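Below, read A as the first sequence line, B as the second, and so on, with proteins coming before strands; counting in each chain starts at 1. Note that the structure is a prediction, hence the values are computed from the model and not measured.
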Protein chains: 2
Amino acid sequence: MTTTVLVCDDSPAVRESFRKSLSTLSEIERVTAAGSGEEVLARYPLERPDVVLLDVQMPGMGGVEAAKRLVSSHPDATIVMLTMGEDVDGVSEAIEDGARGYMAKNVSVEELASTMTLVLASNAELPGQRGEINRPGGRPPVLTEREQQVLDGMSRGRSNAEIGRELFLSEDTVKTHARRLFRKLGASDRAQAVAFGFRWSFLR
Amino acid sequence: MTTTVLVCDDSPAVRESFRKSLSTLSEIERVTAAGSGEEVLARYPLERPDVVLLDVQMPGMGGVEAAKRLVSSHPDATIVMLTMGEDVDGVSEAIEDGARGYMAKNVSVEELASTMTLVLASNAELPGQRGEINRPGGRPPVLTEREQQVLDGMSRGRSNAEIGRELFLSEDTVKTHARRLFRKLGASDRAQAVAFGFRWSFLR
DNA sequence: CCTAAAGTCACCCGATCGAGTGACCGATAT
DNA sequence: ATATCGGTCACTCGATCGGGTGACTTTAGG
């Protein structure tokens, strides 16, 4: 399954503890560790772990803030909060912001295993394969020929004017198709449109 | 193999003739037809045929000009020029511009078959799989962590300022990483950078 | 029959981008 | 010992982008 986990806690002891426990689980392929919320935000896009275990209380950016920012930049991130026990308020806030669950730091290996299984199972409700996960929700949008041609031009680094020249259209017309394309894909700019184009297999 | 061919000739009779002949070849999956150079340029990005058969002499945009424009926008296109026999000058010009070969319009089915086999075989010298073909030449560039993070942000539709906020960097710093990223990928803007990101598997 | 969708083109406007340049720092390589 | 590379930040400038709006036409659908 190549399941990877990113553990974040300011205490090296806790990180090592989780790393060791997680390594004993057969479904976990790789475990990496971070010591701060900032580090999590920096590493997430590089490692793209399947699950992030995030301590609630940390110096600097707390786990709740880190969860919030992580969710806003990566809505598909799977986050499980770690708590010592008494910060119920922070946990519930993080869960409202998108964390999938919580767990006490002093869990047994058995509890850890069942929690991870549960979280990964709920992941399995999603399309499943990596690459499917990044797809925006809902059914694939239907693009017109023009929209596909414009998207294709964008992916080749062409400006709207250049695309117009290639397709024998005015730049303004290209912009109209581009605007409709963005709406259909839910993209905010051409870079994101190209990304969605690949994820929906409009581009190769 | 799902090999597809796009035939372009201003004469419907010639188009139909090639369509029929090509259909008898087992390695050809699908044949589509166009009646002008403009149509070829418009349809290519939509159909992405494996081979384009292009008549040299056509009203409006000639086959040579069409080949030139097609190659400039799609360097990986495989083009075979079709000639009645006397336009050697145009054929050689098209070949210099990127066409893979030429063929007389009155070829027998056997000659057609051997030419297609040859062209498809020389295609096989390339990486092979669709999706590999679109990769820029050379070895995959080595991106730094920052460059990957910036690329990731771009694929999510973030502006440079937003990426800066996510990574705790100034917008100017993000722009510097973006510029270096473009250089390494050979991209002219963020949309193309994202496209290359997917093709090099930096993005998913 | 009329509406909706797609295609075409135009004008305005503020935000963003990308190029170019220069600079300082630390680590690594030569 | 010095050069290179990656990371950081700043400033300028012209080009491009994306939003908003409106309008005309054709085709398809209800």
Separation of [X] atom [atom1] from [N] atom [atom2], in whole Å?
| X | N | atom1 | atom2 | answer |
| --- | --- | --- | --- | --- |
| A:R180 | D:dG20 | CZ | P | 14 Å |
| A:M154 | C:dC17 | CE | C1' | 15 Å |
| A:E145 | D:dA28 | CD | P | 13 Å |
| B:F168 | D:dG7 | CZ | P | 17 Å |
| B:Q192 | D:dC17 | CD | C1' | 17 Å |
| A:Q148 | C:dG7 | CD | P | 10 Å |
| A:R179 | D:dA23 | CZ | C1' | 13 Å |
| B:E147 | D:dT8 | CD | P | 11 Å |

Could you tell me whether the phosphate oxygens of [N], OP1 or OP2, come under 4.0 Å of any side-chain nitrogen or oxygen in [X]?
| X | N | answer |
| --- | --- | --- |
| A:R183 | D:dG20 | yes |
| B:T144 | D:dC5 | no |
| A:R190 | D:dC17 | yes |
| A:T173 | C:dC9 | yes |
| A:H177 | C:dT8 | yes |
| B:S159 | C:dA15 | no |
| A:R146 | C:dT8 | yes |

Do the non-hydrogen side-chain atoms of A:D55 and A:K105 ever get within less than 4.5 Å of each other?
-> yes

For the residue pair A:D152 and B:R48, establish whether any side-chain heavy-atom pair is separated by less than 4.5 Å.
->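 A:D152 vs B:R48: side chains touch.
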
Could you check which of C:dA10, D:dC9, D:dG18 has an atom nearest any side-chain atom of A:K175?
->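 Ranking C:dA10, D:dC9, D:dG18 by closest atom to the A:K175 side chain puts D:dG18 first.
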
With DNA chain D as reference, determine whether B:E171 or A:D189 sits nearer its 5' end, using the nearest nucleotide of each.
-> B:E171

Euclidean distance, A:R156 CZ relative to A:L151 CG, rounded to 0.5 Å = 10.5 Å

Can you tell me how far the CG atom of A:N160 sits from the OG1 atom of A:T176, to the nearest 0.5 Å?
-> 10.0 Å

Evaluation steps, side chain to side chain contact (heavy atoms under 4.5 Å, CB included), between A:R146 and A:L169 = CA-CA 10 Å; A:R146 285 308 195 197; A:L169 299 175; 3.8 Å; yes

Nearest-nucleotide comparison on DNA chain C, the residue closer to the 5′ end among A:D172 and B:F182 =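 So the residue in question is A:D172.
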
